[in-house]
Engineer: 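Have a look at the structure that comes next, please.
Fair warning: this is a prediction, and the values are worked out from it, not measured in the lab.
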Amino acid sequence: MTVWYGSLPCIGTACPPLLKEWEDLVLTYGWAYGTHGDALKGKELMLAVSVGSAGENYHHEGEFGYTVDELLAPFKATSNLIGTVYRKPFILTGVSSGMSDQSLEKAAKDYLSCLQGDWPAQ
């Protein structure tokens with residue numbers, strides 16, 4: 001199993017600029033998609049995302065009006081375009097709110113499980 005893995009901070013509702021540049025340079029027509037563009041086809045794509053705001057803000061009734069999963073829709077669309085299998089993202093919320101040591105330790109264990117493949121596909 002090959003996994004294309006991306007770890008990124010969620011900046012507002014946009015892709016971080018360095019990741020966008022990487023996408024533009026690497027995910028090219030003829031290599032990642034389009035005619036003969038199947039280099040990543042069938043591989044797994046899993047994102048690890050950290051957001052500063054508390055998780056309750058990422059709901060339809062919350063401050064942002066969207067879930068984090070909904071904000072990641074462009075990445076899922078890219079996954080569809082390049083033929084990768086989009087796996088459930090690892091999402092860590094509230095990182096700017098002063099996470100407790102216990103919460104951080106749990107998140108680290110969950111993240112390790114995720115990296116070891118013990119994470120649901122969707």
Side-chain angles (χ1 to χ4, degrees):
M1 164 175 56
T2 303
V3 176
W4 175 38
Y5 161 78
S7 180
L8 60 138
C10 199
I11 303 172
T13 58
C15 176
L18 192 55
L19 178 59
K20 176 64 174 116
E21 180 181 15
W22 180 87
E23 288 176 335
D24 291 344
L25 293 172
V26 175
L27 303 180
T28 58
Y29 183 85
W31 187 81
Y33 67 97
T35 306
H36 307 293
D38 60 359
L40 300 172
K41 186 175 184 176
K43 295 183 177 18
E44 295 181 340
L45 169 71
M46 196 272 312
L47 299 172
V49 179
S50 61
V51 295
S53 191
E56 60 265 14
N57 292 327
Y58 292 94
H59 293 282
H60 295 145
E61 298 78 30
E63 181 178 350
F64 302 113
Y66 295 93
T67 66
V68 176
D69 278 323
E70 289 170 337
L71 294 173
L72 296 176
F75 293 102
K76 190 169 186 177
T78 298
S79 177
N80 292 340
L81 175 68
I82 63 177
T84 56
V85 177
Y86 187 81
R87 298 200 41 102
K88 179 181 177 186
F90 178 83
I91 299 169
L92 183 59
T93 60
V95 297
S96 295
S97 314
M99 294 179 70
S100 69
D101 289 344
Q102 183 179 15
S103 294
L104 187 57
E105 187 174 322
K106 182 186 179 320
K109 287 179 182 177
D110 289 346
Y111 189 47
L112 181 59
S113 291
C114 181
L115 293 175
Q116 292 173 334
D118 188 23
W119 199 248
Q122 260 309 319

Engineer: Would you sort out whether Y58 and I91 count as a side chain to side chain contact (heavy atoms under 4.5 Å, CB included), showing the intermediate values?
Structural biologist: CA-CA 11 Å; Y58 292 94; I91 299 169; over 6 Å; no
Engineer: Could you tell me whether the side chain of F64 reaches within less than 4.5 Å of the side chain of E70, counting heavy atoms only?
Structural biologist: no
Engineer: If the test is side chain to side chain contact (heavy atoms under 4.5 Å, CB included), which one of D24, L19, L25 qualifies with W22?
Structural biologist: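 Result: among D24, L19, L25, L19 is the only option passing the side chain to side chain contact (heavy atoms under 4.5 Å, CB included) with W22.
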Engineer: So do L92 and V49 actually touch side chain to side chain, heavy atoms under 4.5 Å?
Structural biologist: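 With C-beta onward as the side chain, the pair stays apart.
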Engineer: Drop me the distance from S79's OG to E44's CD, to the nearest 0.5 angstrom.
Structural biologist: 10.0 Å
Engineer: Give the minimum heavy-atom separation between A54 and S97, together with the two atoms involved.
Structural biologist: N-OG, 4.3 Å
Engineer: Within the supplied structure, the quantity of interest is the number of heavy atoms (other residues, nucleotides, ligands) at a distance under 6.0 Å from Y66 OH; does it exceed 12?
Structural biologist: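 No, OH of Y66 has 12 or fewer neighbouring heavy atoms, counting only those of other groups under 6.0 Å.
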Engineer: Quick one: are D69 and P89 in side-chain contact, heavy atoms under 4.5 Å?
Structural biologist: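 A side-chain contact under 4.5 Å exists here.
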Engineer: Under the 3.5 angstrom rule, does the side chain of T78 hit a backbone N or O of P74 as a donor-acceptor pair?
Structural biologist: yes
Engineer: Please assess T67 against L72 for the test side chain to side chain contact (heavy atoms under 4.5 Å, CB included), listing each intermediate value before the final yes or no.
Structural biologist: CA-CA 9 Å; T67 66; L72 296 176; over 6 Å; no
Engineer: Heavy atoms only: give me the nearest A107-F90 pair and the separation to one decimal.
Structural biologist: O-CZ, 3.5 Å
Engineer: With a 6.0 Å cut-off (strictly less than), is the heavy-atom count around CG of L18, excluding the residue itself, greater than 12?
Structural biologist: no
Engineer: Which residue pairs satisfy the ring pair (Phe, Tyr, Trp, His ring centres under 6.0 Å) criterion with at least one member in residues 31-55, sequence neighbours excluded?
Structural biologist: Y29-Y33
Engineer: Could you list the residues that satisfy salt bridge (Lys or Arg N to Asp or Glu O under 4.0 Å) with E21, not counting sequence neighbours?
Structural biologist: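 With sequence neighbours excluded, E21 shows a salt bridge (Lys or Arg N to Asp or Glu O under 4.0 Å) to no residue whatsoever.
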Engineer: If I compare all heavy atoms of E56 with all of H59, which pair ends up nearest, and what's the gap?
Structural biologist: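 So the minimum-distance heavy-atom pair works out to O-CD2, 3.4 Å.
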Engineer: Of all the heavy-atom pairs spanning M99 and T93, show the shortest one and how long it is.
Structural biologist: SD-O, 4.5 Å
Engineer: Between SG of C114 and CZ of R87, what distance do you get to the nearest 0.5 Å?
Structural biologist: 8.0 Å
Engineer: If only atom types and distance count, is the side chain of T84 paired as donor or acceptor with the main-chain N or O of K41 below 3.5 Å?
Structural biologist: no
Engineer: Which pairs pass salt bridge (charged side-chain N to carboxylate O under 4.0 Å, His left out) with one or both residues in residues 90-109, sequence neighbours excluded?
Structural biologist: E105-K109, K106-D110
Engineer: Quick one, I82 and L45 - any side-chain contact, counting heavy atoms below 4.5 Å?
Structural biologist: no
Engineer: For A32 and V26, which heavy atoms make the closest approach, and how far apart are they?
Structural biologist: CB-O, 4.4 Å
